[in-house]
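Down below is the structure, laid out as structure tokens.
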2 protein chains.
Amino acid sequence: MEDTVFWEDIGEMIRVLVKRFGILNANCCDTCCGEEVSPAQSHIILEIGKRSCPSMQDVAKCLCMDITTFSRQIKTLEARGLVTKSPDPGDKRINLLALTPEGTQVRNKINNHMREYLNLLFSGMTEFERDTVVRSVKLLSEALENSGICCFR
Amino acid sequence: MEDTVFWEDIGEMIRVLVKRFGILNANCCDTCCGEEVSPAQSHIILEIGKRSCPSMQDVAKCLCMDITTFSRQIKTLEARGLVTKSPDPGDKRINLLALTPEGTQVRNKINNHMREYLNLLFSGMTEFERDTVVRSVKLLSEALENSGICCFR
DNA sequence: AAAAAATACTTGTAAAAAACAATTAAAAGG
DNA sequence: CCTTTTAATTGTTTTTTACAAGTATTTTTT
């Protein structure tokens, strides 16, 4: 009884939190990168940046994007000079993705923006609170990882 | 130096976390509600459910949705019998939104789904860890609230 | 080694979502 | 009153998304 209310509550909070960060991300894409990338594209850029020469499948799967949609997004990003696509020497079916210097710049802009925002967010907290939050983010990350529900990996 | 890496790291974790919950929500919309609502629509339904007779503007603003996009979404939801729109007696420009019984059912389905998932997520944690996470979600919620950056309110 | 199946990716096409401009209607402020 | 603001809708275009089908390459099977 009490428990139901509790879960409803915490679920609602997480929903709002996630929605807010999502909006933040969308705004960031508009604001910090000169309107050149959409939220979906920013995810792609960050994900390519995080890995080393991932294939299209790798990135598309980890973002749960339809491969055809993904293919077209990459086409756009390539045309804008942010991403390169090069055939895998060992398997000609596969295209390996990488960021161009411009793409890396965009990546840095996005990361800086996020960092500034987190700084602002954490600045209103005590050291203890900050640590609590950081630990929780890690905990949740791991729990999500292990739950295996989502294709993100 | 060390700090930069730290922020980059935690920023990345939050990004992935948020993305994952977003995907989870999208999947939920497909799975738990018989494909009848999109993620955007699920947000609208939950937000209407949370408030008492909000206006279109209220909900659209809090979700950072363009009012014209929102207007059409409401039209769809109304056509599907999930939401009602009734003119404000005090101001004829305003339409007040509410969930129909069917809409409320969908809302409950979504909430149940989220609760089940959270249960699963938390079941792998110790009592202490769970408390940490819950406290952090609250902390982050409040910090976001106070940062005033996002239009969500 | 040849045929069949699977994998990686692209293109055609259609539907849905999103956004800008313009419009209607009502309220608020001089 | 008349002007301005606010709430919402409709017209229109662009963007996003996704299914179906197709090509090319690799792997599996017999």
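Quantities reported herein were computed from a predicted structural model and do not represent experimental measurements. Numbered from 1 within each chain, the chains take letters A, B, ... in sequence-line order. Computed from heavy atoms alone, side chains included, the values below leave out hydrogens, waters and symmetry copies.
- Taking the side chain to side chain contact (heavy atoms under 4.5 Å, CB included) definition, one finds that Glu116(B) meets it with nothing, sequence neighbours left out.
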Residues 67-77 of chain B side chain polar contacts: donor-acceptor under 3.5 Å, at least two apart:
unit_1	atom_1	unit_2	atom_2	d
Thr68(B)	OG1	Asp66(B)	OD1	2.5
Gln73(B)	OE1	Gln41(B)	NE2	2.9
Thr76(B)	OG1	Arg72(B)	O	3.0

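- When the side-chain nitrogen and oxygen atoms of Ser71(A) are compared with OP1 and OP2 of dT10(C), one or more of them lie within a distance under 4.0 Å.
- Rounded to a whole Å, the CE atom of Met65(B) is 11 Å from the C1' atom of dA19(C).
- In this structure, Met56(B) atom CE and dA25(C) atom P are separated by 17 Å, rounded to whole Å.
- Taking 4.0 angstrom as the limit, Lys85(A) places none of its side-chain polar atoms (N or O) nearer than this to OP1 or OP2 of dA8(C).
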Distances for protein N/O vs nucleotides 3-7 of chain C N/O pairs under 3.5 angstrom?
unit_1	atom_1	unit_2	atom_2	d
dT7(C)	O2	Arg93(A)	NH1	3.0

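- When the side-chain hydrogen bond (donor to acceptor under 3.5 Å, both in side chains) test is applied to Thr84(A), no partner is found at least two apart in sequence or on another chain.
- An angle of 30°, rounded to 10°, separates the two end axes of the helix from dA1(C)-dT30(D) to dG30(C)-dC1(D), each defined over five pairs.
- Counting to the nearest Å, the P atom of dA7(D) and the CG atom of Leu97(B) are 13 Å from each other.
- In this structure, of dA8(C), dT17(D), dA8(D), it is dA8(C) that holds the atom nearest to the side chain of Lys61(A).
- Distance from the side chain of Ile67(A) is smallest to dT10(C) among dT10(D), dA26(C), dT10(C).
- Ion pairing between a basic and an acidic side chain is recognised when a charged N comes within 4.0 Å of a carboxylate O; Arg15(B) and Glu47(A) show such pairing.
- Under the rule for a side chain to side chain contact (heavy atoms under 4.5 Å, CB included), the partners of Glu78(A) that lie at least two apart in sequence or sit in another chain are Lys85(A).
- Contact annotation: side chain of Thr68(A) to base of dC9(C), donor-acceptor pair absent below 3.5 Å.
- Computed from coordinates, the His43(A) NE2 to dT16(D) P distance equals 14 Å when rounded to whole Å.
- Through side-chain heavy atoms spaced under 4.5 Å, either directly or across other Ile, Leu, Val, Met, Phe, Trp or Tyr residues, Leu96(B) is tied to Ile94(B).
- dT16(D) atom C1' lies 15 Å from atom CD1 of Ile74(A), rounded to whole Å.
- For Glu102(A), the side chain to side chain contact (heavy atoms under 4.5 Å, CB included) partners two or more places apart in sequence, or in a different chain, are Leu82(A), Thr100(A).
- Applying the side chain to side chain contact (heavy atoms under 4.5 Å, CB included) criterion to Thr126(B), with sequence neighbours excluded, gives Phe128(B), Glu129(B).
- In this entry the distance linking CD of Gln41(A) with C1' of dT16(D) reads 10 Å, nearest Å.
- With rounding to the nearest 0.5 Å, the separation of SG in Cys62(B) from CZ in Arg20(A) is 9.0 Å.
- Atom CG of Asn95(A) is separated from atom P of dT23(D) by 18 Å (rounded to the nearest Å).
- Distance CD (Gln73(B)) to C1' (dA15(C)): 14 Å, rounded to an integer number of Å.
- Mapped onto DNA chain D by nearest heavy atom, Thr76(A) and Asp91(A) fall at different nucleotides, with Thr76(A) at the one closer to the 5' end.
- Look at Glu142(B) and Lys138(B) and you find no salt bridge, because none of the NZ, NE, NH1 or NH2 atoms lies under 4.0 Å from a carboxylate O.
- Relative to the side chain of Lys92(A), the nucleotides dA8(C), dT26(D), dG12(C) differ in distance, and dT26(D) lies closest.
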